[in-house]
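Only heavy atoms go into these numbers, but all of them, side chains included; no hydrogens, no water, no symmetry mates. Just so it is clear: chains get the letters A, B, ... in the order the sequence lines come, proteins before strands, and each one is counted from 1.
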Protein chains: 2
Amino acid sequence: MSRERNGGTPLAERTSAAKGLADRLRRVGQRVTPQRLVILGTLSPGAHLSADDVFARVETHLPGVNRSTVYRTLELFGDLGLISVTDLGGGARVFELIDEPHHHLICHRCGAILELDDALVDPLRVAIRARYGFVPAVDHLALFGFCAACATATNG
Amino acid sequence: MSRERNGGTPLAERTSAAKGLADRLRRVGQRVTPQRLVILGTLSPGAHLSADDVFARVETHLPGVNRSTVYRTLELFGDLGLISVTDLGGGARVFELIDEPHHHLICHRCGAILELDDALVDPLRVAIRARYGFVPAVDHLALFGFCAACATATNG
DNA sequence: CCGATAGATGCAAACTATCGCATCTGCATG
DNA sequence: CATGCAGATGCGATAGTTTGCATCTATCGG
């Protein structure tokens, strides 16, 4: 806390969130750049942001940032398991900081979106890991199908 | 087999596959068009075709067909549960005629694709139906995560 | 603190997907 | 078989996403 020089960390990693990200990126051999810090800063758990939403917010803090950078960074964060990337069927994919896993059931017919309890998904996660050794990152699943009302309407 | 006149069916629904589709479309109040029959004809179980693949094949049989029609028709078939629509992470979504449900595990790190036994997925399907009355159409799931090798490499 | 360099960013173009609207057509009806 | 119309298609425009390449920079070694 006392004799930490600015030169110690190449960038302004003052907030704890940014510092946490910076450390995490370095740990996996990724570079820490202003763009990456700001992009992560725009995301939060519970907020479904499109790539364009993220771009708009990032631009206010970092004018001149490029759309490609936003897309590439979001994909990187997705691969690193920092954020979830989900197609809810609304045209653009949504990005969200991962906190508690949560999922959605989306009706093909009426478009209704229900929440799906992660407790129902967890056994699948466990089974996959046990059977294949594959560690699934299912933090934000979107399953399509028919809601109770539409299923009845379609069959009957 | 004997006294069936051509006028009985508005289009060339000679093959059994096409006839089956035609019947199925009519049953749910959808029209039977040449485009729809040809587009379905290009799909098969086990083949992962992109929209562009489908378009290219359809074009040889039906010159002048439009990309939009292919996209719209593929979406329709998806909603009808005839085909599966899956993002395997390769840039474009893939379409496939539904036969036996099958799923994929895709490694975020090395890109490896493993098959996932539907028997592991079925309990989730059942649980969702029991809890919410929602009937999920999970015929071709793509779950991202880390394969055994990469999971080890990442943690250790 | 400086120079070297692997890797990130900016930029433009290409690719993937969707949408609005005018026209055309399957098919139900008479 | 002729007619009407809801709905499908073609077309162009636009939105959403990815990619190749030149330039720039975070990080490492001296």
Inset, instruction - Could you tell me whether the phosphate oxygens of D:dT9, OP1 or OP2, come under 4.0 Å of any side-chain nitrogen or oxygen in B:Thr33? - result: yes
Inset, instruction - Check whether any side-chain N or O of B:Arg93 sits under 4.0 Å from OP1 or OP2 of C:dA17, and answer yes or no. - result: yes
Inset, instruction - Please determine if a side-chain N or O atom of A:Gln30 lies less than 4.0 Å away from the OP1 or OP2 oxygen of C:dA8. - result: yes
Contact list (N/O, under 3.5 angstrom) for nucleotides 21-25 of chain D vs protein:
| from | atom 1 | to | atom 2 | distance (Å) |
| --- | --- | --- | --- | --- |
| D:dT25 | O2 | A:Arg31 | NH1 | 3.3 |

Legend entry - D:dT9 OP1/OP2 closer than 4.0 Å to side-chain N/O of B:Arg67: no
Legend entry - Polar contact flag, side-chain donor to acceptor under 3.5 angstrom, A:His102-A:Asp118: no
Inset, instruction - Report yes if a side-chain nitrogen or oxygen of A:Thr69 is closer than 4.0 Å to either non-bridging phosphate oxygen (OP1 or OP2) of C:dG10; otherwise report no. - result: yes
Legend entry - Closest to the B:Pro34 side chain, choosing from C:dG10, C:dT9, C:dG26: C:dG26
Inset, instruction - Give one of base, sugar-phosphate or nothing for A:Glu75, where a contact means two heavy atoms less than 4.0 Å apart. - result: nothing
Legend entry - N/O (side chain, B:Ser68) to phosphate O (OP1/OP2, C:dT18) under 4.0 Å: no
Legend entry - Presence of A:Gln35 side-chain N/O under 4.0 Å of C:dG10 phosphate oxygens OP1/OP2: yes
Legend entry - Positive for side chain to side chain donor-acceptor pair (under 3.5 Å) with A:Ser84, one of A:Arg93, A:His140, A:His48: A:His140
Inset, instruction - Please state how far atom CG in B:Asp79 lies from atom P in C:dT18, giving the value in whole angstrom units. - result: 11 Å
Inset, instruction - Taking all non-hydrogen atoms of both residues into account, name the closest pair between B:Val85 and B:Gly78 and its distance. - result: CG2-CA, 4.4 Å
Legend entry - Which residue lies more 5' along DNA chain D, comparing B:Thr73 with A:Ala92 via nearest heavy atoms: B:Thr73
Legend entry - No-hydrogen, no-angle side-chain donor-acceptor test under 3.5 Å, B:Asp52 and B:Ser50: no
Legend entry - Contact nearer the 5' end of DNA chain D, comparing B:Val65 with B:Gly90: B:Val65
Inset, instruction - Would you indicate, yes or no, if C:dA17 has its OP1 or OP2 atom less than 4.0 angstrom from a side-chain nitrogen or oxygen of B:Tyr71? - result: yes
